[in-house]
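Throughout, protein chains are lettered first and strands after them, A, B, ... in sequence-line order, and every chain is numbered starting at 1.
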Amino acid sequence: MLAWYDRHRRTLPWRAPAGRRADPYVVWLSEIMLQQTTVATVGGYFRRFLERWPTVGALADAPIDDVLSAWAGLGYYARARNLHACARTVTEAHDGHFPQGEEDLLALPGIGAYTAAAIRAIAFDQPASAVDGNVERVIARLYAIETPLPDAKTEIKTRAARLVPAERAGDYAQAMMDLGATVCTPRSPRCVICPLMAGCKARKLGLAEELPRRAPKREKPTRRGLAFVLSRKDGAILLRKRPAKGLLGGMDEVPSSPWREGKLSPEKAMGDAPVPARWQILDGLVRHTFTHFHLELTVAHAIATTGGLARLAPGTTWCTIDRMTERALPTVMRKVIAHAVKN
DNA sequence: GAGCCGTGGAA
DNA sequence: TTTCCAAGGCT
């Protein structure tokens with residue numbers, strides 16, 4: 001595995017040169033961003049974060065709203081809130097240095113079993129077993145584990161832990177993830193070039209592509225709502241902040257009616273408008289899919305009048321076009337605004 | 001333990 | 001168009 005890694009090692013923005021350890025801050029930041037997120041998507045965000053906040057102390061000093069706006073578009077926004085909270089804890093309770101022990105790492109917000117092991121292995125070269133989706137797949141195939149996920153997790157973790165070498169544990173962890181990402185891929189695995197081909201049970205049984213099996217997923221329901229884009233004459237748009245926790249927690253949004261399953265009644269939903277105005281329902285829908293439901297947003301647009309300005313709903317603020325990129329607008333809200341501007 | 005929590009790219 | 005799912009964690 002390590003010999004293969006030495007030959008096929010990928011250059012990634014957060015990866016230290018061969019034979020060197022990466023800065024724990026860099027390892028942590030990249031691992032949080034990479035949770036359920038592809039390397040390609042993370043790249044730009046990682047560079048911008050590191051440029052703007054070069055140390056954990058700098059990140060700790062930042063206002064949470066700055067962190068959320070820099071995170072906008074990456075998804076799973078609890079990660080950004082936990083990232084910030086973790087930076088503050090490391091700065092204040094650990095003197096600006098990431099702890100090296102498993103228990104101390106697990107106590108930090110946003111760091112679970114996988115991330116703690118990844119930090120220990122990659123940043124501190126401890127023989128910790130970091131089992132992510134890639135490793136789950138590699139192990140499930142290597143041992144032809146037919147039990148569907150997530151039930152197979154216990155067996156996979158046990159098998160994976162036995163393979164961790166005493167030396168170069170960080171390189172080994174990254175090698176396994178590289179293997180899963182580039183060779184032992186979910187679809188069309190490239191078994192013929194795999195360094196583990198000789199010992200792979202799934203390969204032997206012709207099951208590689210079918211493993212790991214997964215429990216069937218629940219069907220996603222569709223929720224619908226009416227979003228209100230209120231424009232000022234200078235192009236500014238009315239925004240408000242979402243509650244700190246839950247879906248898109250702490251992010252900015254365009255005001256809207258509640259998102260509910262079933263048919264949308266635009267007449268009733270109009271009662272949720274942030275201000276009385278001559279609202280016009282725009283043609284078309286904005287569709288967006290979250291982790292556990294589809295969303296269909298109808299968009300209403302109006303131009304703010306001086307009379308209406310006095311009766312703005314509380315908690316709403318104007319945002320000019322040139323300041324839009326500074327706001328913590330999740331992708332779904334950028335879609336809504338784009339749809340309103342276009343129509 | 002199972003549901004909640006985003007997004008974009010590939011097929 | 002739809003489906004799958006990626007370097008998961010929290011509750």
Side-chain angles (χ1 to χ4, degrees), chain A residues 10 12-15 22 26-46 68 71-83 85-86 105-123 128-138 149-151 153-154 157 160 170 172-182 184-188 209-210 212-223 242-251 253 259 287-295 328-335:
Chain A
R10 291 193 294 171
L12 298 170
W14 43 86
R15 196 166 270 183
V26 164
V27 175
W28 164 73
L29 178 63
S30 65
E31 289 298 341
I32 301 298
M33 287 185 166
L34 286 162
Q35 288 169 5
Q36 298 289 285
T37 310
T38 59
V39 165
T41 302
V42 165
Y45 285 89
F46 174 80
L68 285 175
W71 195 276
L74 247 194
Y76 284 133
Y77 298 100
R79 289 186 297 170
R81 288 180 259 129
N82 287 331
L83 184 86
C86 182
L105 284 167
L106 287 174
L108 294 168
I111 297 183
Y114 162 74
T115 305
I119 292 173
R120 289 174 60 205
I122 299 170
S129 180
V131 180
D132 69 335
N134 285 310
V135 179
E136 277 182 355
R137 186 169 57 254
V138 171
L149 287 169
D151 286 354
K153 279 178 181 288
T154 308
K157 282 184 183 175
Y172 173 79
Q174 295 177 89
M176 287 292 275
M177 291 188 273
D178 276 12
L179 188 73
T182 64
C184 196
T185 48
R187 283 170 296 225
S188 309
E209 179 128 34
E210 293 179 40
R213 303 193 197 285
R214 293 176 191 279
K217 297 172 175 51
R218 275 196 342 179
E219 194 173 332
K220 289 180 168 76
T222 299
R223 299 184 193 173
R242 293 180 61 90
K245 293 182 178 177
L247 184 72
L248 308 177
M251 301 293 285
E253 69 173 359
W259 303 343
R287 296 174 195 278
H288 192 78
T289 298
F290 293 97
T291 314
H292 54 294
F293 67 93
H294 301 290
L295 179 63
L329 284 169
T331 298
V332 60
M333 291 303 150
R334 293 183 189 275
K335 284 190 195 176

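At whole-Å resolution of the value, CZ in A:R287 and P in C:dT3 are 13 Å apart. Between A:I119 atom CD1 and C:dG9 atom P there is a gap of 9 Å when expressed in whole angstrom units. Whole-Å rounding puts the A:K245 NZ to C:dT11 C1' distance at 10 Å. When the C1' atom of C:dG8 is taken as reference, atom CH2 of A:W28 falls 15 Å away, rounded to whole Å. The distance between atom CZ of A:F293 and atom P of C:dT3, rounded to the nearest whole Å, is 17 Å. Atom pair A:D132:CG and C:dC5:P shows a separation of 15 Å (rounding to whole Å applied). In this structure, A:Y76 places its OH atom 15 Å from P of C:dT11, rounding to the nearest Å. At whole-Å resolution of the value, CZ in A:R187 and P in C:dT2 are 17 Å apart.
Contact between the side-chain N/O atoms of A:Q36 and the OP1/OP2 oxygens of C:dG8 is found at a separation under 4.0 Å. For A:T115 and C:dG9, the shortest distance from a side-chain N or O to OP1 or OP2 is below 4.0 Å. A close approach under 4.0 Å does not occur between any side-chain nitrogen or oxygen of A:R79 and OP1 or OP2 of C:dC10. Considering only side-chain N and O atoms, A:K217 lies under 4.0 angstrom from the phosphate OP1 or OP2 of C:dC5.
Defined by atom type and a distance below 3.5 Å, a donor-acceptor pair is missing between the side-chain atoms of A:R79 and A:Q35.
Among the atoms of the strands shown, base atoms are found under 4.0 Å from some heavy atom of A:T291. Residue contacts shown for A:V39 include a base, since a base heavy atom lies under 4.0 Å away. Counting non-hydrogen atoms under 4.0 angstrom, A:W71 reaches nothing in the nucleic acid. Within 4.0 Å (heavy atoms only), A:A173 reaches no atom of the nucleic acid at all. Nucleic acid contact class of A:R15 (heavy atoms, under 4.0 Å, all strands): base. Within 4.0 Å (heavy atoms only), A:R137 reaches sugar-phosphate atoms of the nucleic acid but no base atom. Residue A:R10 is classed as a base contact, given a heavy-atom separation below 4.0 Å to a base. Within the 4.0 angstrom heavy-atom criterion, no nucleotide atom of any strand lies near A:G180.
Under the ring-ring contact (aromatic ring centres under 6.0 Å, His included) criterion, A:F46 pairs with A:W14, sequence neighbours left out.
Looking only at distances, no side-chain donor or acceptor of A:T185 sits under 3.5 Å from a matching main-chain atom of A:T182. The closest donor-acceptor contact from the side chain of A:E209 to the backbone of A:S188 lies under 3.5 Å.
Note that CD of A:E219 is 15.5 Å distant from CZ of A:F293, once rounded to the nearest 0.5 Å. How far CG of A:D178 is from CG of A:L12: 6.5 Å, rounded to the nearest 0.5 Å. A:M176 CE to A:E136 CD: the interatomic distance, rounded to the nearest 0.5 Å, is 11.5 Å.
In 5' to 3' order, the nucleotides of DNA chain B bounding all contacts with chain A (an atom under 4.0 Å from a heavy atom) are B:dC4 to B:dG8.
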Chi angles and distances behind the side chain to side chain contact (heavy atoms under 4.5 Å, CB included) call for A:V135, A:Y114: CA-CA 11 Å; A:V135 179; A:Y114 162 74; over 6 Å; no
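The aromatic ring centres of A:F290 and A:H292 sit 6.0 Å or more apart.
Both A:K220 and A:A116 lie close to DNA chain C; mapped to their nearest nucleotides by heavy-atom distance, the more 5′-ward contact belongs to A:K220. Nearest-nucleotide mapping onto DNA chain B: of A:A40 and A:L248, the residue sitting toward the 5' end is A:L248. A residue-by-residue look at A:P150 and A:Q35 shows that A:P150 has its nearest nucleotide of DNA chain B further toward the 5' end.
Across the P atoms, B:dG8 and C:dG9 are found 22 Å apart, a figure rounded to whole Å.
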